[in-house]
2 protein chains.
Amino acid sequence: MTDPARTGPPATDLELASDLVVHAARLVRAVRRTLDLPAGVRLLSILDEHGPLGVSRLAVLDRCSQPTMSAAVAAAADRGWVDKQPNPDDARSSVVTLTRAGRAELARIRRTNGETVAARLAALPQHSRQDVATAVAVLRDLLDISLEPHDLSEGAAR
Amino acid sequence: MTDPARTGPPATDLELASDLVVHAARLVRAVRRTLDLPAGVRLLSILDEHGPLGVSRLAVLDRCSQPTMSAAVAAAADRGWVDKQPNPDDARSSVVTLTRAGRAELARIRRTNGETVAARLAALPQHSRQDVATAVAVLRDLLDISLEPHDLSEGAAR
DNA sequence: CGACATTACATAGGCAACCTATGCATCGCC
DNA sequence: GGCGATGCATAGGTTGCCTATGTAATGTCG
C-alpha cells in the first residue's frame with residue numbers, strides 16, 4: 001500500500017488541510033462525471049435554506065462573483081426553477097424566489113445524488129452516519145468564517 | 001436564522017450525502033478564488049502517493065478522462081514538475097515521474113493552502129483535528145470504492 | 001435641490017478545466 | 001500475419017467562472 005518513495009504520510013495539520021481540499025475537488029469532479037451536478041443546484045440549495053434573496057447576496061452566499069450569480073439566476077429562471085421579480089422597495093435590486101418546480105428539481109437532484117453517495121457510504125463500514133455529518137459540518141463551517149464578518153448575515157432578520 | 005419556508009433541515013441520509021457534495025463544491029471554488037489551486041496539484045499529489053505511473057492509470061486515480069490527464073502531464077512536464085519517459089517495457093505507454101522540483105512545488109502548495117485552511121479550522125473551536133481527519137477520510141474512501149474494484153489498486157505493491 | 005459617491009445588477013470578453021470522439025501505434029494472441 | 005485490446009495524442013466543443021465596465025437607482029450633503 002504505502003510506497004517508500006513518497007514524501008510522507010499525511011500527518012501534519014497543513015497536509016491534512018490541504019488534503020481536505022484536494023479530495024473535495026476530486027469528489028466534485030467524480031460526481032459531475034457520473035451524476036448530475038449542474039451549477040444551478042447550489043443556487044436552489046441556497047434559496048431553499050435562506051428564502052428569497054437578491055442576486056448580490058446570493059453571490060456572497062455561494063462565494064461566487066455577482067456576474068456568475070446573475071447568469072445562474074437567469075439560467076434557472078429560464079427553466080422555471082426560480083422567479084425573479086424587481087424589488088418593490090428598491091428598484092435597483094431583485095428578489096429571487098424558489099418556485100415549486102425549483103423545489104421539485106432540488107429534491108430530484110438531492111435524491112439521485114444522495115442515493116448514489118449514500119449507497120457508497122453505506123458500503124464503508126468504517127464510517128458512521130455521524131462521520132458524514134461531521135464532514136459536512138466541517139466543510140460548511142469552514143466556509144462560513146471565510147465571509148465578511150458583519151454585513152451579509154441575513155439582513156432580513158434585523 | 002431558520003426560515004419557515006424552507007423545505008427542511010438536512011436530516012435524511014440522502015440530504016446529508018447531497019449536502020456533502022454541494023459543500024465540497026463550494027469549498028473548492030472558494031479555495032480556487034483566493035488561493036492557488038491549479039489542476040496539476042492533484043497530479044503531483046497522486047505521483048507523490050503512488051510513485052511513477054502511466055497516463056491512463058493516473059487518469060483513473062484522479063477520476064478524470066485520459067485526454068485530460070494527458071494535458072495535465074504535458075503542462076506539468078513543461079514546468080519541470082514531472083518527467084515523462086517512454087516505458088522501456090511497453091512502447092505504447094509512458095512513465096511519469098515526480099521530479100525534485102515537482103516535489104518542492106507540491107510542498108509549497110500544500111504549505112500555503114494548508115496554512116490558510118488550517119488557520120480557518122483553528123478558528124472553529126467546535127471542530128477538533130480529529131473531525132478534520134474524519135472528513136478527509138470520508139472523502140477519500142468515498143472515492144476509493146467508486147473505482148473499478150479489482151485492477152487498478154496499485155497492483156505493484158502486493 | 002443638484003452633485004457625487006454607493007449600491008445592485010447586467011453585459012462583454014476571455015480563460016481554464018473537462019469532456020467525447022477519433023486516430024494511431026503498439027502489444028497480446030491465435 | 002491478422003485482429004482485437006491497450007495506451008496515448010489530437011481535435012473540437014461545452015461548462016463554469018472571472019475581471020472589467022456600463023447603467024440605473026439610492027443615499028448623502030452642501
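All heavy atoms count here, side chains included; hydrogens, waters and symmetry mates do not. Below, chains carry the letters A, B, ... as their sequence lines are ordered, and counting in each starts from 1.
- Between B/R140 and A/D19, no side-chain nitrogen of the basic residue sits less than 4.0 Å from a carboxylate oxygen of the acidic one, so the salt-bridge criterion is not met.
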Between N or O atoms, less than 3.5 Å apart, protein on one side and nucleotides 13-16 of chain C on the other: list the pairs.
none

Polar atoms only, N or O, under 3.5 Å: list the protein pairs with nucleotides 27-30 of chain C and their distances.
residue	atom	partner	partner atom	Å
C/dC27	OP1	B/A91	N	2.9
C/dC27	O4'	B/R92	NE	3.3

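- Salt bridge B/R120/A/D141: absent, no basic N to carboxylate O contact under 4.0 Å.
- Atoms CG (A/D62) and P (D/dG16) sit 12 Å apart, rounded to a whole Å.
- For B/S94, the side-chain contact (heavy atoms from CB on, under 4.5 Å) partners two or more places apart in sequence, or in a different chain, are B/K84.
- Partners of B/E115 according to the side chain to side chain donor-acceptor pair (under 3.5 Å) rule, which considers only residues two or more places apart in sequence or in another chain, do not exist here.
- Remark: B/H23 engages no residue in a side chain to side chain donor-acceptor pair (under 3.5 Å) (not counting sequence neighbours).
- Residues B/S94 and A/Q66 both approach DNA chain D. Their nearest nucleotides, taken by heavy-atom distance, put B/S94 toward the 5′ side.
- Scanning residues 67-80 of chain A for heavy-atom distances under 4.0 Å to DNA chain D yields A/P67, A/T68.
- Each of C/dC19, C/dC9, D/dC18 was ranked by its minimum atom distance to the side chain of A/S93; first place goes to C/dC9.
- In this structure, A/S65 reaches the bases: a heavy-atom distance under 4.0 Å links it to at least one base atom across the strands shown.
- One interatomic measurement links the two molecules: CZ of A/R63 to P of D/dG16, which rounds to 19 Å at whole-angstrom precision.
- Pairs engaging residues 69-79 of chain A under the side-chain hydrogen bond (donor to acceptor under 3.5 Å, both in side chains) rule: A/Q66-A/S70 [sequence neighbours left out].
- Every residue two or more places apart in sequence or in another chain that forms a side chain to side chain donor-acceptor pair (under 3.5 Å) with B/S93 is listed here: B/N87.
- Rounded to whole angstrom, the span from the CZ atom of B/R57 across to the P atom of D/dT6 amounts to 12 Å.
- Residues satisfying the side-chain contact (heavy atoms from CB on, under 4.5 Å) test with A/Q85, not counting sequence neighbours, are A/D83.
- Rounded to an integer number of Å, the gap from CZ of A/R29 to P of D/dC17 is 14 Å.
- Residue-to-nucleotide proximity on DNA chain C shows that, of A/S56 and B/G40, the 5′-proximal contact is made by A/S56.
- Computed from coordinates, the A/L53 CG to C/dA8 P distance equals 12 Å when rounded to whole Å.
- Residues passing the side-chain contact (heavy atoms from CB on, under 4.5 Å) test with B/S128, sequence neighbours excluded: B/Q130, B/D131.
- Partners of A/T68 according to the side chain to side chain donor-acceptor pair (under 3.5 Å) rule, which considers only residues two or more places apart in sequence or in another chain, are A/S65.
- Judged as a salt bridge (charged side-chain N to carboxylate O under 4.0 Å, His left out), the pairs with a partner in residues 91-102 of chain B (not counting sequence neighbours) are, in order, B/D90-B/R92.
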